[in-house]
Structures are given as C-alpha cells and as structure tokens.
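One structure is given below, encoded as structure tokens.
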2 protein chains.
Amino acid sequence: MVVLFKPLDLPVNQDQILQTLIADNLVSDPESARGRLLREAARLFREKGYERTTVRDLAAAVGIQSGSLFHHFRTKEEILKAVMVETIRLNTAVMQAAMEAADSNRDKLRALVSAELESINGQTGEAMAVLVFEWRSLSEVSQAEVLKLRDIYEALWLDVLGALKEEGALVADPFVVRRMLTGALSWTVTWYRPERGGLTREGLTDQVVAMLGLSQP
Amino acid sequence: MVVLFKPLDLPVNQDQILQTLIADNLVSDPESARGRLLREAARLFREKGYERTTVRDLAAAVGIQSGSLFHHFRTKEEILKAVMVETIRLNTAVMQAAMEAADSNRDKLRALVSAELESINGQTGEAMAVLVFEWRSLSEVSQAEVLKLRDIYEALWLDVLGALKEEGALVADPFVVRRMLTGALSWTVTWYRPERGGLTREGLTDQVVAMLGLSQP
DNA sequence: AACCATACCAAGCAAGCGCTTGGTTTGTAA
DNA sequence: TTACAAACCAAGCGCTTGCTTGGTATGGTT
C-alpha cells in the first residue's frame, strides 16, 4: 500500500494498526468500494449535515446511482452508523497503542491528548466531527450500540486520569476533567488549522496539558 | 409579570434585563404567541435537531395548524434564526451586566464563566444548544448575520482575557483559552445536571477557573 | 460452455416535506 | 354597527426524499 501522507510524529504506526483492523474486518479498506463510500459520506455529513445529505449526493460522490447504494448498505442510517463505528474502532486502537508506548501516567495523558487532537484534526477528523455533531441522527438503538464502543474508549482516559488523581498530581475530579477535555478538544475542529502555521499540534498539546495544572510529583 | 423560577445567584437581575430587551423589541415576550413558539422551537430543535423537526411538529407544539406558522415567520429557517439571534442578544446583555458588576479582571472572568454556564444550563440552555449544534442548518447569509452578533459577545471575553494576559496572570494565549473554554463550557450541556445534586454551578465555575491556572497577581 | 454471485443501472413509487391559498374567526376601535 | 387587521383553519400543491424493483454487465469457478 502506498502511504499518501506524511508519517505522524506519534509514537505509534497508525498505518500498521489500520492494516491489522482491516485484516480483522473491523474497519473497511479505504481503497475498497465500501471504504471509499464511507470516507465520502464522512466528508458530506460533516460538510452539510446528515439530514441535508441525500442518498443521491452520496451516490454521486462515488460515481454510482443512488439505488446502488442499497446494495452495500440497507439504509442511509446504516452508513452513518458505519462511519461512527469504524472511526471509534480505529481511534481506540491508536490510543491504546499510544498509551502502551508511554511509561509514566503523565506521559500517558500527554499521549492521549496528542492522539485525540490528531484524531480530531487529522485524517479521521471529518468522521470525528460527524461523531460529535450528528449523534442525534442515529436511532436510539444505534445510539446505544455506538455508546458501548465509546465506553471502551472513555475508559482509557478515566484510567489514566484516575491514576493521576491517586498520585496526587491531579486535583480536580477525573470525570469532570475528562468531560471538560472532551468539549475543549472536540471544539478545536471548529477553529484549529495547523496547516496555516502558528500553533503546532505539539504546541497545542502543551497548552492543554499545562492548562490542567498538574502539580509536580 | 410573574417570576416563574427561582432568582439566580448571579450579581444581575436577569428578568429586568429581559424586560428592557422586550421593550426595545430586541427579544420576544415569552408570553406572546411568537415568544411561545420560539421557546417550543428551541426545545424541539434541541431534542430532535432542526431538520428532523417539521413545521407540523412546531405548529402542534403551540396548538395551531402548520400553515398558520407562516403568518408569523416567512420560512422555517427564519424560526431557527430568530431562536439564535434572540438568545445571543439576551446572553450578551446578561454578560455585559455581570461584568460591569465585577471589579477586578479576575472577578470579571469568574462572572463570565458563571454566566455562560448559566446560559448553557439554565433557562436559555435549549436555545444555546441549538446555537452550537444547528449552526450549519442556517443559510450562509444567515450564518454571517448571526456571526456578527456573536462577535460582540466574544469581544467581551477577549477583552477580559487580554487584560489578564497583560497583568501577567494568564500565561496562555487569550484566543486559545477562549476557544478551549467555549468547547469545554458548551459541552457541559451534554452531561452537567445540577438538579441531580453533586456539583453546583458555583462549584463547577471554581473548577473551571482553577483549571486555567491563573498565577497570583 | 454453463453457472452464479457481485456490483451496478434505469425507472419510479409512496410518503413526507415546506409552503401557498382562499376563506373564516377573533379582537379592537371608531 | 360597521370596519378592518391580525390570527388562524382546511386543504392541498409541487417537489424531494429514502428506498424498491426488475433487469444487465462482469469476472471467477466448475
């Protein structure tokens, strides 16, 4: 496979993780018909919103007829759900790897912040935005399913924050901190433009971690 | 007018501000037909999203026929825009008053955080959520109009944060901090439930301000 | 050569949508 | 009482939507 973009400065090989997940059938190959559709769907859902994106829009984006979509997915909602599920799977795996590469809890937190910023502003950014802003477009049943996957993801954060609290490095409540961070980091998608120069992702990570005011061990 | 809810522990009389704005025709009287519709619209838009809320839903919520809506508003989008515009106007006025009541820049920041938490989680909470999550449902023209109003609101924040930076109390960049706060505070709408006990709004405000790590003057 | 699953097209249906229309009720003021 | 505007109803138009249907290429397997 050809690497189409610059390698990240994360301590993990994102592409290798992706290949593993593809092999396990947990996410679609971006080069397959299904994968291409999901990428275009994420782009359109982010750009116009789920409801304003028609199945005709989706079909046109990958160059087929609207009816042909339903050969790959049974409903339009299933497409939205697939975008969300595969994104969570990929990002959970990346986060897990990033954390395992870190030694101290401090470094683990830094790795989580950095990885989440990359999730939100990098390749999977469009899908992450969909995850935040199109949540209510899922049926309640689908919401519950996706929520289960998110819980695994959230547990990673709470483990590290909880450990930092026990160490005495963190004063505030881990749950509150995680929720504040969720909001603050998600929101970067609306304003943070690293490619325009200025703040790098590492710089932004520094500011975020500094903002938490971890006291010295 | 009857006060339907407990007075707030804000250093300003929110109801008095509301009356002034109604008199100036800047926001609708909540007891008028228009005002009631806007409140129900905010509720429904928040609950189901703008696109999934039909004009028939809106009409039913106030007990009229769908066609009769268009006696009050020319389009469905105009309803969404009105919800947003009136909410910004009210909250800008409340914030301005809260700030004027504070002396130091520290206190002003605290007042802003507290007031924004109240905006998001109090009476105007549903409308504030609409402002965040239904942004893209506005036409580009309307977006630009609403953005102008938001700029006034944002200037309040940046003034205070900029002053704190000059004082040396704030280390991070005011723009970055404001954006982080926007995300973190907005996100509270998805999880913060003060009525269930636990964290009070004052307590949450403390945690937020503490999180910024303002150094002593 | 025969078969068959996969991937697609062309056409269109039923339902729901925002909004319009023509007419009726209601409140207010001369 | 008359006059008139604001508020509303009943009906439905025209369009778009998600999705279905019946049929057709394509490529691999036997």
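Values in this document were obtained by computation on a predicted structure and should not be read as measured data. Below, each value reflects all heavy atoms present in this structure, side chains not excepted, and no hydrogens, waters or symmetry copies. Proteins get letters first, then strands, A, B, ... in listed order; numbering begins at 1 in each.
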* Any salt bridge between B/Glu134 and B/Lys76, counting N to O under 4.0 Å? -> no
* Side-chain ion pair, B/Glu51 and A/Arg136, N-O less than 4.0 Å -> no
* Asked: For B/Gly63 and B/Ser66, take the nucleotide of DNA chain D holding the closest heavy atom to each; which residue's nucleotide lies nearer the 5' end?
  -> B/Gly63
* Structure fact -> B/Phe70 atom CZ is separated from D/dA10 atom C1', nearest whole Å, by 15 Å
* Structure fact -> Contact check, residues 32-50 of chain B vs DNA chain C, heavy-atom distance under 4.0 Å, returns none
* B/Leu69 CG to C/dG18 P, straight-line distance once rounded to whole Å -> 10 Å
* CZ of B/Arg56 versus P of C/dA15: gap in Å, rounded? -> 15 Å
* Structure fact -> Tested for side chain to side chain contact (heavy atoms under 4.5 Å, CB included) against B/Val27, the lone hit among B/Thr87, B/Val85, B/Ile88, B/Ile22 is B/Ile22
* To do: Write down the distance between CZ (B/Arg74) and P (C/dT20), rounded to a whole number of angstrom.
  => 10 Å
* Structure fact -> Between CD of B/Glu51 and P of D/dT16 the distance, given in whole Å, is 16 Å
* To do: Could you check if a side-chain atom of A/Met99 sits within less than 4.5 angstrom of a side-chain atom of A/Leu112, using non-hydrogen atoms only?
  => yes
* Structure fact -> Smallest heavy-atom separation, A/Ala172 atom then A/Val177 atom, equals CB-CG2, 3.6 Å
* To do: May I ask you to decide if the ring planes of A/Trp187 and A/Phe133 are parallel, tilted or perpendicular, using 30° and 60° as cut-offs?
  => tilted
* Is there a donor-acceptor pair under 3.5 Å between the side chain of B/Glu77 and the backbone N or O of B/Ser139? -> yes
* Report yes if a side-chain nitrogen or oxygen of B/His71 is closer than 4.0 Å to either non-bridging phosphate oxygen (OP1 or OP2) of D/dA7; otherwise report no. => yes
* To do: Find the distance B/Ile64:CD1 to C/dT25:P and express it as a whole number of Å.
  => 18 Å
* **Any B/His72 side-chain N or O less than 4.0 Å from OP1/OP2 of D/dA6** => no
* **Value in whole Å for how far the P atom of C/dC17 lies from NZ of B/Lys76** => 9 Å
* **Length of the line joining B/Gln65:CD and C/dT25:C1', which is rounded to integer Å** => 14 Å
* Compare side-chain N and O positions of A/Ser68 against OP1 and OP2 of C/dC9 and report whether any pair is under 4.0 Å apart. => yes
